[in-house]
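As structure tokens, the structure follows; a few thoughts come after it.
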Amino acid sequence: MSVRTRADLDQLPAYVAGRTVPGSIKLASNEVSEGPLPSAVAAINQAATEVHRYPDMGVGRLTEALAAHYRVDPGRIAVGCGSVALCEQLVQATCTSEDEVIFPWRSFEAYPIITQVVGAKQVRVPLTGEHALDLEAMLAAITPATRLMFVCTPNNPTGTLLRKAELNAFLDRVPEEVLVVLDEAYFEFVDDPEAPDGVEIAGERTNVASMRTFSKAYGLAGLRVGYAIAPPEVAEALRKVCIPFSVNALAQVAAIASLEAQDELQKRCANIAAERERVHRELVALGYEVPETQANFVWLPLADRTAEFNEHCLQNRVVVRAFAGEGARVTIGTPEENDAFLAAAGSFTRSAQ
């Protein structure tokens with residue numbers, strides 16, 4: 001007699017990570033090329049001698065550091081093993097098999113996976129023709145079964161940003177019993193003065209949570225640490241469903257050191273934003289359609305030419321993240337890495353003429 005597993009797992013889509021190809025430039029996973037902030041590296045080295053001990057299960061010091069940084073009550077903070085783990089915990093804490101989760105599509109590809117794993121119903125709302133979140137359509141998708149909505153801004157993989165006025169107008173119309181999660185994984189790269197601040201909004205509304213991460217701008221993707229700032233009862237529920245000791249000791253000390261290195265962070269993000277503008281400008285000059293982006297990547301909606309573009313980039317030793325039949329997401333790297341990508345993009349355009 002064979003072991004029984006859930007039959008619906010046969011239809012579960014697999015998460016596709018950005019490829020790593022030895023000898024090639026990896027611009028597929030939205031990592032920062034510079035690595036961790038120097039302050040974080042020093043903290044990691046010092047803490048490495050203590051990894052034979054279990055980490056602080058309550059993530060107390062990091063929680064206090066985040067509370068001080070954002071000037072919020074520690075009871076409103078939940079820390080997890082990357083923001084993707086918090087996404088899963090949010091669905092677990094709010095949904096049963098009878099409930100619905102709404103999210104834009106295409107957006108972060110973990111949303112449908114974690115929703116199905118928990119057993120809730122997923123409701124995908126297509127983006128607009130400009131590759132942005134369609135807030136009106138998301139509102140229209142709400143039913144009495146809706147418990148949770150993911151709103152990714154800047155959106156992954158398109159990079160498009162919601163402005164403060166349109167987001168607040170949207171939130172005004174969402175029923176109070178529906179939790180809206182602002183996925184702000186790329187918040188630190190945003191330089192638009194009209195951009196919303198999810199932490200501020202979460203402090204003003206009882207059904208909004210802001211979710212951020214140390215994986216992107218802070219350069220700690222390999223250590224897996226993210227956090228949510230939410231209404232106290234939501235943060236408490238997240239802590240209840242968290243796997244014990246899931247935030248490791250090195251991640252905790254590195255995140256604390258990173259928070260204390262804001263000058264280093266701001267300089268890094270300003271450099272990436274400048275390169276983002278340059279890459280966007282040069283791609284448009286080459287004839288590509290490229291939506292606005294406030295993240296550390298650009299989106300090329302290449303439709304049925306995506307696979308061909310992906311292969312061309314690989315031949316030129318540049319790894320991008322291809323979404324078959326839709327487009328390619330390309331991380332902003334160092335100037336030299338970006339030059340290599342632009343050269344590949346330019347030769348692809350010329351070969352198509």
Side-chain angles (χ1 to χ4, degrees), residues 6 8-9 11-13 15 75-127 133-153 155-156 162 166-185 196 198-213 226-243 246:
R6 284 169 43 185
D8 66 323
L9 295 183
Q11 285 75 47
L12 186 69
Y15 184 91
R76 297 181 56 222
I77 297 173
V79 183
C81 184
S83 58
V84 67
L86 288 165
C87 287
E88 183 174 36
Q89 290 167 228
L90 282 160
V91 181
Q92 289 174 327
T94 58
C95 294
T96 68
S97 60
E98 298 177 354
D99 301 319
E100 296 176 348
V101 178
I102 295 175
F103 50 84
W105 197 252
R106 175 168 293 273
S107 192
F108 183 36
E109 64 181 304
Y111 296 155
I113 299 172
I114 59 180
T115 301
Q116 185 170 336
V117 167
V118 172
K121 179 183 177 182
Q122 54 179 282
V123 180
R124 306 185 187 196
V125 178
L127 302 180
L133 274 60
D134 191 334
L135 296 182
E136 286 296 323
M138 292 182 71
L139 286 168
I142 296 173
T143 74
T146 304
R147 292 290 173 269
L148 183 69
M149 301 179 77
F150 285 112
V151 176
C152 189
T153 180
N155 186 47
N156 175 20
L162 293 175
E166 63 179 331
L167 178 57
N168 277 315
F170 165 79
L171 293 171
D172 286 343
R173 297 166 62 189
V174 175
E176 290 186 0
E177 66 272 16
V178 175
L179 177 64
V180 179
V181 179
L182 303 179
D183 187 344
E184 299 182 296
V199 172
E200 289 184 2
I201 295 173
E204 299 166 351
R205 297 178 182 268
T206 59
N207 66 332
V208 174
S210 169
M211 189 171 60
R212 297 184 184 177
T213 182
Y227 56 97
I229 298 179
E233 62 274 17
V234 174
E236 182 181 6
L238 283 171
R239 292 190 289 270
K240 286 181 178 179
V241 298
C242 181
I243 297 174
S246 61

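All of these numbers come straight from a predicted model, not from anything done at the bench.
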Atom CD of Glu177: over 12 foreign heavy atoms under 6.0 Å: yes

Side-chain heavy-atom pair Asn207, Val234 within 4.5 angstrom cut-off: no

Considering all heavy atoms, the nearest Gly226-Leu86 contact: C-CD1, 3.6 Å

Inter-residue atom distance Glu184.CD - Cys152.SG, 0.5 Å rounding: 9.5 Å

Nearest non-hydrogen partners of Thr146 and Ile142, listed with the distance: OG1-CA, 3.5 Å

Salt bridge (Lys or Arg N to Asp or Glu O under 4.0 Å) partners of Glu88, counting only residues at least two apart: none

Closest contact, heavy atoms only, Val208 versus Leu179: N-CD1, 4.1 Å

With Phe150 via ring pair (Phe, Tyr, Trp, His ring centres under 6.0 Å) - residues at least two apart: Tyr111

Non-hydrogen side-chain atoms of Val199 and Arg212 separated by less than 4.5 Å: yes

Val151 and Met138, any side-chain heavy atoms less than 4.5 Å apart: yes

Considering all heavy atoms, the nearest Leu182-Gly198 contact: CD1-CA, 3.7 Å

Euclidean distance, Arg106 CZ relative to Arg124 CZ, rounded to 0.5 Å: 8.0 Å

Trp105/Gln122 under side chain to side chain contact (heavy atoms under 4.5 Å, CB included): CA gap, chis, key distance, verdict: CA-CA 11 Å; Trp105 197 252; Gln122 54 179 282; over 6 Å; no

CE-CG distance between Met211 and Leu238, expressed to the nearest 0.5 angstrom: 9.5 Å

NZ/NE/NH1/NH2 to OD/OE distance under 4.0 Å, Arg173 and Glu136: yes

Backbone of Val117 reached by a side-chain donor or acceptor of Arg6 within 3.5 Å: yes

Min side-chain heavy-atom separation Glu166-Leu133 under 4.5 Å: no

Closest non-hydrogen atom pair between Ile77 and Ala235, with its separation: N-CB, 4.0 Å

Non-hydrogen side-chain atoms of Cys81 and Ile243 separated by less than 4.5 Å: no

Option from Val101, Asp99, Val241 for which side-chain contact (heavy atoms from CB on, under 4.5 Å) with Val91 holds: Val101

Value rounded to 0.5 Å, distance of CD in Gln89 from CD1 in Ile114: 10.0 Å

pair Leu162-Leu135: side-chain heavy atoms closer than 4.5 Å: yes

Donor-acceptor contact below 3.5 Å, side chain Glu100 vs main chain Ala141: no

Non-neighbouring partners of Asn155 that pass side chain to side chain donor-acceptor pair (under 3.5 Å), sequence neighbours left out: Ser107, Thr158

Side-chain heavy atoms of Asp183 within contact of Phe103, under 4.5 Å: no

Point-to-point distance, once rounded to the nearest 0.5 Å, from CD1 of Ile102 to CZ of Arg147: 11.0 Å

Nearest atoms (heavy-atom pairs only) where Pro232 meets Arg76: CG-CG, 4.0 Å

Trace of the side chain to side chain contact (heavy atoms under 4.5 Å, CB included) decision for Asp172 with Arg205: CA-CA 10 Å; Asp172 286 343; Arg205 297 178 182 268; 2.7 Å; yes

Within 6.0 angstrom of Glu204 CD, more than 12 heavy atoms from elsewhere: yes

